[in-house]
Number of protein chains: 2
Amino acid sequence: MPDLGSFPRAQWLKAARRALTAAPHEAFGYGGPHGRVELRTVLADYLARARGVYADPDRIVICSGFVHGLRLMAQVLRERKVRDVAVESYGLDVHWNLLTRAGLRTPALPFDEHGTRTGALRRQGAVLMTPAHQFPLGGALTPDRRTEAVDWARRTGGLILEDDYDGEFRYDRQPVGALQGLDPERVVYLGTASKSLTPGLRLAWMVLPEQLVGDVLAAKGGTDWVSSALDQLTLAEFISSGAYDRHVRSMRLRYRRRRDQLVAALAERAPGIRVSGIAAGLHAVLELPPGTEPSVVQAAAWQGLAVQGLDRFRHPDVPRGRDALVVGYATPTDSAWTGALDALCRALP
Amino acid sequence: MPDLGSFPRAQWLKAARRALTAAPHEAFGYGGPHGRVELRTVLADYLARARGVYADPDRIVICSGFVHGLRLMAQVLRERKVRDVAVESYGLDVHWNLLTRAGLRTPALPFDEHGTRTGALRRQGAVLMTPAHQFPLGGALTPDRRTEAVDWARRTGGLILEDDYDGEFRYDRQPVGALQGLDPERVVYLGTASKSLTPGLRLAWMVLPEQLVGDVLAAKGGTDWVSSALDQLTLAEFISSGAYDRHVRSMRLRYRRRRDQLVAALAERAPGIRVSGIAAGLHAVLELPPGTEPSVVQAAAWQGLAVQGLDRFRHPDVPRGRDALVVGYATPTDSAWTGALDALCRALP
């Protein structure tokens, strides 16, 4: 979760004023499931520029969050008689449960130091991945693993669901481009404003293969799963004015500073703890001595820290792995940061 | 649908500025299914004052539209093993289909000149009604029919679902109070900003019996059916500043003027056409000579008018009734109004 204190209120209000003053009357009526064309057009340009996504406005569908998009894809996949969606060995059980409730099986793919082993894909109808920054392990999917996934999809007709939850936050180099750019007809790209801007907005987007657009719009149906037109228009203006770029850049600097402070604090106060997953994103993985994960998580909780053990994110079919802590360094406000860092170091063995 | 050109943009932006400047940081995080407490508190006060609804903030659940609220109630009713939801003889098939898809039967209740015959309620688990202004027939449910419905609910444990879609718009007297005020523990009150403000916002509310709050929150679940926190906070400020009252008052005057102009135009140019349902709301019913409904609807469409025949709203189990036209006089913008009125008169026999 991003630092909620950093939401750019004044900039957002300026964008709202411009957007709502200029909006056509019909924007205040019942919208359709596609989402405002103003936002889809702006997103198409932004995603191409910032994430290397091939995005025609007609292939973009606005939704209210990643989970909403995943729910729509689950419905479409079932309609296409898909039985299995392969998932990564570590991830969010909220997503697996959603797929299971939709009637899909969720077999886990093995992984190694290069990331998820996409060579293990077989007859599954789809695969759900976090290629830019594996959640929670933290690595980017290597180029040959990406090619392997796309080849699989082309060969079998499978679909890749790309969860690009924090793709703009890369610290050691330019952001890694989206996997979708390798084959827009085989990849469903899911992006969101929740990490880069605020979860309170409930705005996210899907960039779809052409053949899926009709099915997703049909699954979205009716008027009541349509996002607020006012927010959509404001976000479109916020992005097209450059304010979104400036905000992300400023957040990237801020989060990189925090990452650096985290690494430095650990080097000084807990030098035995290896940190990984820090080239990007809003969280890091801290390796712990074997058997210490539960007690460290407990100690951290006593310190008032909301950190999770790595085991919390393990797929049920995957054998227990190494002990580790998943630490989100973006969440605390600036005033709370130093105290949180201090508390973390105290909780570590 | 309301006149989309009348959305009070400047007032809304002022409310947004005040709301977002004052909002606590946590408002920009992941919200819960209940909805922002700021909005629920303001709504509790407003609904009590404006609609006679007994509303504790904890019993209010924010949702994204009437259909969303109805969908949640359908799920809760099924979980409570309800089989039948009685509905009015005329209404929106979108609502009946939603209930049917949820596994509920939707038997139609008979009606007469006093409104829906609530004395015909039997062992149905719930009844869906539009007591303030029957849609589309236009009458308000009379006091003894209201009492009959509440007595039925108390006797059988049934629930009344009150769709108060345009309750603030009453022209001949003070608005008729909500049925919910007669027994908050047996009535689910559903209100919306769609008719009084704008459908583009996707904000609506349910006021629940205490025993249903937990079930509805559970049915709403997860983070992705949560409305935009920014819009909720802005609406709360918009209402508490008095701007919403002023807007509704101004709309009430405007729509009453249009109703008067409609009645006058018909009296002059189509004196044989009887108009009903005009004491309230955003639409009127124009009686047509027998057998002429389809051709008049067609003629109106050729004139560019979006009016519907009454038969469009008839429940499939109800025998065909009288020929009539349902005319929404709120929708056209001010500049389009005179032309629309003219076109309507031309389309009438």
Side-chain angles (χ1 to χ4, degrees), chain A residues 1-10 12-14 16-31 36 63-71 94 97-98 192 194 197-204 221-235 331 333 336, chain B residues 1-10 12-14 16-31 36 63-71 94 97-98 192 194 197-204 221-234 331 333 335-336:
Chain A
M1 189 154 80
D3 168 15
L4 303 179
S6 69
F7 178 76
R9 303 178 190 212
W12 181 261
L13 282 165
K14 284 193 183 119
R17 183 164 24 89
R18 290 191 305 264
L20 295 199
T21 306
H25 291 330
E26 54 81 16
F28 298 100
Y30 286 98
R36 294 299 307 179
C63 54
S64 67
F66 172 81
V67 168
H68 186 197
L70 187 63
R71 209 185 294 246
V94 171
N97 294 342
L98 183 158
T192 170
S194 293
L197 194 56
T198 166
L201 248 191
R202 310 315 312 137
L203 275 181
T223 55
D224 273 327
W225 307 125
V226 170
S227 302
S228 158
L230 281 59
D231 287 340
Q232 290 187 60
L233 291 174
T234 303
L235 180 61
T331 314
T333 58
Chain B
M1 188 153 79
D3 168 16
L4 303 180
S6 69
F7 178 75
R9 302 179 191 211
W12 181 261
L13 282 165
K14 284 193 183 121
R17 182 164 23 91
R18 290 191 303 265
L20 295 200
T21 306
H25 291 331
E26 56 80 16
F28 297 100
Y30 286 97
R36 294 298 307 178
C63 54
S64 67
F66 172 81
V67 168
H68 186 196
L70 187 63
R71 208 184 294 247
V94 171
N97 294 342
L98 183 158
T192 170
S194 292
L197 195 56
T198 165
L201 249 191
R202 309 316 313 138
L203 276 181
T223 55
D224 272 329
W225 307 125
V226 170
S227 302
S228 158
L230 282 59
D231 286 340
Q232 290 188 59
L233 291 174
T234 303
T331 315
T333 58
S335 54

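In what follows, chains carry the letters A, B, and so on, assigned in the order in which the sequence lines appear, proteins first and then strands, with residues in each chain numbered from 1.
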(message) I'd like to check B/Leu13 versus A/Thr21 (side-chain heavy atoms, cut-off strictly below 4.5 Å). Are they in contact?
(response) yes
(message) Minimum heavy-atom separation for A/Glu26 and B/Leu4, please, with both atom names.
(response) CA-CD1, 3.9 Å
(message) Give me the atom names and distance for the closest heavy-atom approach of A/Arg202 to B/Val226.
(response) CG-O, 3.0 Å
(request) Give, as side chain, backbone, both or neither, the part of B/Arg17 having an atom under 4.5 angstrom from any heavy atom of chain A. (result) both
(message) If I measure from the heavy atoms of chain B, does A/Pro24 come under 4.5 Å with its side chain, its backbone, both, or neither?
(response) backbone
(message) Counting only non-hydrogen atoms closer than 4.5 Å, does A/Thr333 touch chain B with its backbone (N, CA, C, O), its side chain (CB onward), both, or neither?
(response) side chain
(message) Counting heavy-atom pairs closer than 4.5 Å to chain A, which one of B/Leu197, B/Asp231, B/Leu201 comes out on top?
(response) B/Asp231
(request) Side-chain contact test, heavy atoms from C-beta onward, threshold under 4.5 Å: evaluate it for B/Ser194 versus A/Tyr30 and give yes or no. (result) yes
(request) Sort out for me which of A/Ala16, A/Ala27, A/Pro2 touches chain B most, counting heavy-atom pairs under 4.5 Å. (result) A/Ala16
(request) Compare every heavy atom of B/Phe28 with every heavy atom of A/Thr198, then report the nearest pair and how far apart it is. (result) OG1-O, 2.5 Å
(message) At a 4.5 Å cut-off on heavy atoms, which part of A/Ala23 comes close to chain B: side chain, backbone, both, or neither?
(response) both
